[in-house]
Amino acid sequence: MPEGHSLHRIARQFSRNFVGHRVAASSPQGRFAEGAALIDGRVMVDARASGKQLFLEFEGGRWLRVHLGLYGAWDFAGEITTDATIRSSNGRIGQTNQHGTIVDDDAGEDSISSIGAPRLARRHKARLRMSEQEKEDDDPDFVFPPEPVGQVRVRLLTEDAVADLRGPTACEVLDPAGVESVLDRLGPDPLNDPSEAAKARVVEAVLAKGSPIALLLMDQSVIGGIGNVYRAEMLFRARLNPHTPGKKVPREVVEALWDDWVYLLDLGVRTGQMLTMDGLDPEAKRKAMASREDRHWVYRREGLPCRVCGTNIVMELLAARKLYWCPFCQQ
DNA sequence: CATCGATGTTGAG
DNA sequence: TCAACCTCGATGG
């Protein structure tokens, strides 16, 4: 479920609350007992995402690789840092207020924060579920650490924070060579590598293939992190027919798709939401932030009128995934 | 309360 | 091409 922006946010959560800390690793469910033992008692030294994959590095060159798949999730709890929307009278950020210590400001002057309050981060006792959506629990009276609930594949515990992994599609401990071989099979993730070389690699990969651009955008060996929502929205933003073979897409359009992913991924990481209708007026933006119904151009809008031309949005199955597009705008 | 479907990937056939 | 993975919010009775 989570697309690339979620994984970068999860990696950031680990950076804030786990990197630099010694971690007790266990598998309450039991299915990952051997793997957990390989990292138990070690200090986490790095946390990073590439595409939809998460890599947590521990002392001694041991890496935990996690892929959340369709419905995996990380549950954080304890003294953790969460984004908080704080209304500020003078618009200044980076100060301390009654809500806690503001330790991060990555919202700045973007188009979303200009609509309303800036999103800040604060460290406090909280519970936070991170999957395709993020949900913060408002019960401040839970005991730490909480009992594992349900099937927890891995529990990572520091002195004051815990992270529970449930429902992953992949969870394994790798050595550096193993990490390298996984990364070698992944296309560029613009948040890790925004270079012209990365862009060129994606452009050449797309232009070399005859398969539909709708499949190539979701091919993680071509480009990292795009899922079903961003695919549909990016193709609409480019006014591109999803069935266009990669090699028939004009080079400048492929370049524009990469540039758009650079932009959308950054926006998604900063806001925690898949915002794709940023070109609208402030009122429409506000609605997009407030409601999932008003958030997308085409995704999940089968049978509804296109927001631009009024033609009914169509849905078709492509490689067993639902593809939404406007047959008039995207000719 | 039962059922469905989902923002994903793998691997069997 | 499709089932399996194995979670959980949304939906309907």
Side-chain angles (χ1 to χ4, degrees), chain A residues 1-10 27-32 35 49-55 65-76 127-137 148-155 163-172 174 181-183 185-187 189 211-212 214-237 242 260-261 264-265 267-269 271-277 288 291-303 313 315-325:
Chain A
M1 283 167 151
E3 301 196 19
H5 70 299
S6 303
L7 274 298
H8 283 287
R9 287 177 64 85
I10 290 168
S27 179
Q29 170 201 57
R31 281 182 55 182
F32 193 63
S50 181
K52 299 169 188 169
Q53 313 246 358
L54 176 70
F55 297 91
R65 178 183 79 96
V66 173
H67 194 299
L68 293 178
L70 184 51
Y71 40 67
W74 281 101
D75 287 331
F76 293 88
R127 289 191 293 204
L128 178 67
R129 159 152 295 200
M130 300 188 86
S131 183
E132 96 284 3
Q133 303 272 7
E134 292 174 32
K135 197 171 68 180
E136 189 173 344
D137 192 318
V149 177
Q151 300 286 306
V152 175
R153 185 79 57 90
V154 181
R155 163 163 281 201
D164 285 342
L165 171 66
R166 56 218 319 137
T169 236
C171 177
E172 61 178 347
L174 297 174
S181 87
V182 172
L183 291 176
R185 282 180 250 122
L186 296 176
D189 177 327
S211 47
L215 288 181
L216 294 172
L217 283 184
M218 282 183 68
D219 184 336
Q220 300 301 304
S221 69
V222 171
I223 183 170
I226 298 174
N228 207 15
V229 179
Y230 277 128
R231 164 180 74 173
E233 296 291 290
M234 287 174 64
L235 288 169
F236 181 85
R237 287 162 65 90
D260 202 30
W261 181 225
L264 290 174
L265 179 58
L267 183 62
V269 170
T271 64
Q273 297 182 324
M274 277 186 273
L275 299 173
T276 58
M277 302 204 304
S291 163
R292 296 188 66 180
E293 305 300 306
D294 297 319
R295 189 164 296 173
H296 305 303
W297 289 111
V298 293
Y299 180 72
R300 271 200 186 247
R301 298 195 70 246
E302 179 185 12
I313 302 301
M315 186 280 285
E316 63 187 270
L317 286 176
L318 182 65
R321 304 304 300 277
K322 289 185 173 179
L323 169 66
Y324 301 87
W325 59 295

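Bear in mind the structure is a predicted one, so any value in this text is a computation, not a measurement. By convention in this document, chain letters (A, B, ...) are assigned in the order of the sequence lines, proteins followed by strands, and residues within each chain are numbered from 1.
Residue A/Lys135 contributes atom NZ, which lies 9 Å from atom C1' of C/dC8 at whole-angstrom precision. Rounded to an integer number of Å, the gap from A/Met130 CE to C/dG9 C1' is 19 Å. If you measure from atom CG of A/Leu318 to atom C1' of C/dT1, you get 13 Å, rounded to the nearest angstrom. A straight line from CG of A/Leu215 to P of B/dG8 spans 13 Å, rounded to a whole angstrom. B/dT7 atom P lies 7 Å from atom CZ of A/Arg300, rounded to whole Å. Across the protein-nucleic acid pair, A/Glu3 atom CD and B/dA6 atom P stand 14 Å apart, rounded to whole Å. B/dT7 atom P lies 21 Å from atom CZ of A/Arg9, rounded to whole Å.
For the C1' atoms, the distance linking B/dG5 with C/dA3 amounts to 16 Å, nearest Å. Spacing between C/dC8 and B/dT10 at atom C1', rounded to whole Å, works out to 22 Å. The same atom, P, is picked in C/dT11 and in B/dT7; the two are 15 Å apart, to the nearest Å.
Between A/Tyr230 and A/His5, the ring center distance clears the sub-6.0 Å criterion.
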For nucleotides 9-13 of chain B, tabulate all protein N/O to nucleotide N/O atom pairs closer than 3.5 Å, reporting atom names and distance.
{"from": "B/dT9", "atom 1": "OP1", "to": "A/His67", "atom 2": "NE2", "distance (Å)": "3.4"}
{"from": "B/dT9", "atom 1": "OP2", "to": "A/Lys52", "atom 2": "NZ", "distance (Å)": "3.3"}

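Nucleotide B/dT10 forms a pair with C/dA3, judged by Watson-Crick or G-U wobble geometry with both contacts under 3.5 Å.
Taking the six-membered ring where the residue is Trp, A/Trp297 and A/Phe236 present parallel rings, their angle staying beneath 30° rather than reaching 60°.
OP1 or OP2 of B/dT7 lies within a sub-4.0 Å distance of a side-chain N or O belonging to A/Tyr299.
Scored by the salt bridge (charged side-chain N to carboxylate O under 4.0 Å, His left out) test, A/Glu136 finds no partners at all (sequence neighbours excluded).
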